[in-house]
Amino acid sequence: MIIYHVVDFFTVVVEALMMFILCETFCQRRENIASWVYNLGVFIPILLIGISNHIFNYGVFNVAGMLFAFFVLTCLYKAKISTKFIIILVNYLLSALTEIVTMYSIIMIYGITAEEAIEVASYRLLGSIVSKMLFFLSVNTIRLKYRKSSLNMQTSYWILFFIMLAISVATVFLIFNLSFNIEDTYMYNLSVICSIGLFFSTFFALYLYENLAKQTDII
């Protein structure tokens with residue numbers, strides 16, 4: 001079904017975006033590269049990971065393909081090679097850890113086996129979306145704690161951040177619970193797309209809030 005390809009593309013975009021955020025946090029941009037190149041740079045790992053997924057079909061070699069895609073993105077930045085490898089490793093491990101946590105959460109909530117959580121399409125789609133929300137939570141927390149900017153976010157931002165993520169995760173679970181009883185393929189696909197939209201809405205809402213805080217600090 002097309003919706004599975006949509007979710008797979010969503011996971012690739014999030015993984016690439018989180019890698020970009022970590023690079024922006026711990027590395028320095030090269031002076032001889034225009035800013036628009038960095039804005040488009042996130043599409044480099046998206047393309048490479050997509051090719052790797054298609055060729056290796058999520059096998060062992062696909063892991064190497066993902067790591068290579070992340071390394072290509074780090075080439076846009078100035079940093080020690082050890083720093084780049086640590087960033088790549090942290091990004092991959094956080095992604096894997098949030099997927100494991102999400103899988104066992106689904107197992108406990110729905111009383112299913114690990115095999116069902118992986119093989120049954122509905123549970124797998126739910127796990128993909130929720131795990132990327134938790135992935136974003138982890139990476140954004142690291143970014144705000146270790147970024148080079150002197151701007152300090154107020155407690156209100158952190159409260160808003162965790163509340164929005166908690167509500168988003170709970171809402172996704174609720175949407176999927178309702179969709180499990182829907183036999184209409186169109187409505188089911190729509191519920192999955194709405195869950196993905198909820199993630200990006202949360203992401204952009206926090207992005208706008210942070211930019212307003214920066215403008216206020218400058219003023």
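Residue numbers count from 1 along this sequence. Computed from a prediction, not measured in an experiment: that's the story for all the values here. Below, all heavy atoms of this structure are taken into account, side chains as well, without hydrogens, waters or symmetry copies.
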Exam field: side chain R143 to backbone M18, donor-acceptor pair closer than 3.5 Å = no
Determine yes or no for a side-chain-to-main-chain donor-acceptor pair under 3.5 angstrom, with S105 supplying the side chain and V101 the backbone.
-> yes
Can you find a pair of side-chain heavy atoms, one from V192 and one from V6, that are under 4.5 Å apart?
-> no
Once side-chain hydrogen bond (donor to acceptor under 3.5 Å, both in side chains) is applied, do any residues pair with [X], and if so which ones, sequence neighbours excluded?
X: T202; answer: S168
X: T74; answer: none
X: T141; answer: none

With R29, which residues qualify under salt bridge (Lys or Arg N to Asp or Glu O under 4.0 Å), at least two apart?
-> E24
Pairwise salt bridge (Lys or Arg N to Asp or Glu O under 4.0 Å) hits with a residue in [range], at least two apart:
range: residues 160-177; answer: none
range: residues 110-122; answer: none
range: residues 74-103; answer: E31-K78, E99-K132

Qualifying ring pair (Phe, Tyr, Trp, His ring centres under 6.0 Å) pairs with a residue from residues 96-131, counting only residues at least two apart or across chains = Y110-Y123, Y110-F180, Y123-F180
Taking only residues two or more places apart in sequence or in another chain, which ones pass ring pair (Phe, Tyr, Trp, His ring centres under 6.0 Å) with [X]?
X: F43; result: none
X: F85; result: F71
X: F173; result: none

Set of side chain to side chain contact (heavy atoms under 4.5 Å, CB included) partners for V172, sequence neighbours left out = L126, I129, V130, M133, F176, S195, L198
How about F200 and F10: are their ring centres within less than 6.0 Å of each other?
-> yes
